[in-house]
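Quick notes on the structure that follows.
To find a chain, count down the sequence lines: A is the first, B the second, and so on, and within it residues start at 1. Please read all numbers here as calculations on a predicted model, not as lab measurements.
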Protein chains: 2
Amino acid sequence: MTIEVLPEPAGLPDPLPEPAVGELRLETVLSALSDPLRLRIVRKLLLESEDFDHTCGWFGLDRPKSSLTHHFRALREAGVTRQRQYGLERRSHVRVADLNARFPGLLDLVAAWTPADGD
Amino acid sequence: MTIEVLPEPAGLPDPLPEPAVGELRLETVLSALSDPLRLRIVRKLLLESEDFDHTCGWFGLDRPKSSLTHHFRALREAGVTRQRQYGLERRSHVRVADLNARFPGLLDLVAAWTPADGD
DNA sequence: CATGCAGTACGATCGGAGTCGTACAAGAAG
DNA sequence: CTTCTTGTACGACTCCGATCGTACTGCATG
C-alpha cells in the first residue's frame, strides 16, 4: 500500500474522455438511449445505484464482456454516463446534474421506463 | 360528387396505420427522434403548425421525395406523428396528447432543441 | 514471479437504417 | 381524356451499429 496522489477533491481518479456539458447533443443522447440494453443500464443506475459508481458486473447482464464494453462506451461517449478507473475496475454513474441541466425531464422518462418482455 | 361516410366527428379521413397509445415504446420513440432531420420535422410541427396538418412540402426539406417518405413513415410508425390522406396529399401532425400522456416532458425537449450547423 | 480477474482492442459478421433513382398509382385540373 | 401533382413502392447501395470470439493489457494477490 503506497500513499496515492489525489487527483480530485474527493480523491477520485480522472474521468475517462467524455463530452463537456455544453457539447451534449440531444440526438446523440437519444440515440444512446434508444437501445433497450442501455436503457436498462441507465435505469438501474438511476433507481438502485445509491450514489455509488458501479462496475459492469454489478448489472448482472448476460452478455459477453466485449459487448458490454461497447455499450458502456456508447453511453459515456454520448455523455450519459461518466466512467472512472478504480484499479482494474471501470465504474460508471449517470451524469444526472448535467443531463437535467441540458435536457430536463429526460432522466425521469428513463427512470419510469419498463422493459418489454425479453429485455 | 357522392355523399361520403364521415369516419370521424370532424369529417376527417382515417389516420394511416399507427401504434395505439398503449403500444408506444420509449426506445422506439427515442430512436425515431435520434435522427436530426426527423427532429427538425417534429420541432417545426410543434412550433409552427398552428394546429393544422401539413404536407411534406410545407417543411421545405431539400431531400428527394423517396427520402421524405421514409422519414415520415418512420415517425408515424413510431407513434410520434399521425398522418391522414387528404386527396392526394398526406398531412402530418404530432400526437401531442398521446406523447405527453405516455412520456411527459419529451416533446418539450424536442421543442427546445436547436439543430447543429448543417442540419 | 505466477496466477487470476476486469476490461479493452481488434476484427469478423450481420442486419438494419439512411439515401436515392426510377417507375408507378391516384386524385386534381384543364 | 390528358396532364400535372403528391406521394408510394421497389430496389440498390452504403454505412453504421449490435454482437461476439479471441487475444491482449494491467492490476491485484498469493
Side-chain angles (χ1 to χ4, degrees), chain A residues 1-2 4-5 13-18 25 27-42 52-78 80-93 116 118-119, chain B residues 1-2 4 13-18 25 27-42 53-78 80-93 116 118-119:
Chain A
M1 177 73 183
T2 61
E4 287 184 346
V5 177
D14 287 334
L16 297 178
E18 66 180 20
R25 299 255 73 224
E27 57 271 37
T28 309
V29 171
L30 294 186
S31 178
L33 295 177
S34 66
D35 182 278
L37 187 67
R38 292 197 288 260
L39 219 34
R40 227 177 105 180
I41 290 171
V42 177
F52 293 126
D53 293 6
H54 292 279
T55 68
C56 301
W58 176 76
F59 295 88
L61 301 168
D62 189 22
R63 303 292 175 94
K65 293 188 295 179
S66 50
S67 297
L68 299 182
T69 296
H70 169 72
H71 288 292
F72 279 94
R73 182 176 45 198
L75 286 171
R76 174 174 52 86
E77 292 182 345
V80 177
T81 58
R82 172 166 295 141
Q83 288 186 294
R84 297 176 194 273
Q85 194 84 29
Y86 292 80
L88 51 73
E89 293 175 340
R90 186 168 289 198
R91 294 174 170 269
S92 302
H93 69 267
D119 288 339
Chain B
M1 175 73 184
T2 59
E4 285 185 345
D14 287 334
L16 298 178
E18 65 180 22
R25 298 255 73 222
E27 58 270 38
T28 309
V29 172
L30 294 185
S31 177
L33 294 177
S34 65
D35 182 278
L37 187 67
R38 292 197 288 260
L39 219 34
R40 228 178 104 180
I41 290 171
V42 176
D53 292 5
H54 292 279
T55 67
C56 300
W58 176 75
F59 295 88
L61 301 168
D62 188 22
R63 303 291 176 93
K65 293 189 294 181
S66 48
S67 297
L68 298 183
T69 296
H70 169 71
H71 287 293
F72 278 94
R73 181 176 44 195
L75 286 171
R76 174 174 50 86
E77 292 183 345
V80 177
T81 59
R82 173 166 294 140
Q83 287 186 292
R84 296 175 193 275
Q85 192 85 27
Y86 293 82
L88 50 75
E89 293 174 340
R90 186 167 289 197
R91 295 174 170 268
S92 302
H93 69 268
D119 286 338

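Taking five base pairs at each end of the helix from C:dC1-D:dG30 to C:dG30-D:dC1, the local helix axes there meet at an angle of 20°, rounded to 10°.
Across all their heavy atoms, B:Pro36 and B:Asp119 have their closest contact at CB-OD2, 3.5 Å. Taking all atoms of both residues into account, the shortest heavy-atom contact from A:Asp53 to A:Arg91 is O-NH1, 3.0 Å.
Taking atom CG of residue B:Leu33 and atom P of nucleotide C:dA17, one finds them 15 Å apart after rounding to whole Å. A straight line from CG of A:Asp53 to P of C:dA6 spans 17 Å, rounded to a whole angstrom. The interatomic distance linking B:Leu16 (CG) with D:dT6 (P) rounds to 18 Å, in whole Å. If you measure from atom CZ of A:Arg90 to atom P of D:dT25, you get 16 Å, rounded to the nearest angstrom. If you take CD of A:Glu77 and P of C:dT8, they are 11 Å apart, rounded to a whole angstrom. With rounding to whole Å, B:Tyr86 atom OH is found 16 Å from D:dG7 atom C1'. Nucleotide D:dT8 holds its C1' atom 15 Å from the CD atom of B:Glu89, rounded to whole Å. For the pair B:Leu88 CG and C:dA28 P, the computed distance is 6 Å after rounding to whole Å.
Side-chain atoms of A:Ser31 do not come within 3.5 Å of backbone N or O of A:Glu27 as any donor-acceptor pair.
Side-chain N/O atoms of B:Arg73 include none lying less than 4.0 angstrom from OP1 or OP2 on D:dT8. Phosphate contact (OP1/OP2 of C:dA6, side-chain N/O of A:Arg91, threshold under 4.0 Å): absent.
Atom OG of A:Ser92 sits about 8.5 Å away from atom CG of A:Leu16, to the nearest 0.5 Å.
The side chain to side chain contact (heavy atoms under 4.5 Å, CB included) with A:Pro17 is formed by just one residue from the set A:Glu77, A:Arg76, A:Arg73; it is A:Arg76.
Residues from residues 63-72 of chain B placing a heavy atom under 4.0 Å of any atom in DNA chain D, listed by number, are B:Lys65, B:Ser66, B:Thr69.
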(request) Using the side chain to side chain contact (heavy atoms under 4.5 Å, CB included) rule, take B:Val80 and B:Arg38 through it: C-alpha gap first, then chi angles, then the decisive distance, then the call. (result) CA-CA 10 Å; B:Val80 177; B:Arg38 292 197 288 260; over 6 Å; no
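In this structure, the side chains of B:Thr81 and B:Phe72 stay at 4.5 Å or more apart for every pair of heavy atoms. Residues B:Arg40 and B:Leu61 are in side-chain contact: their nearest non-hydrogen atoms beyond the backbone lie under 4.5 Å apart.
Ring orientation note: the planes of A:His54 and A:Phe52 are nearly perpendicular, at an angle over 60° on the 30°/60° scale.
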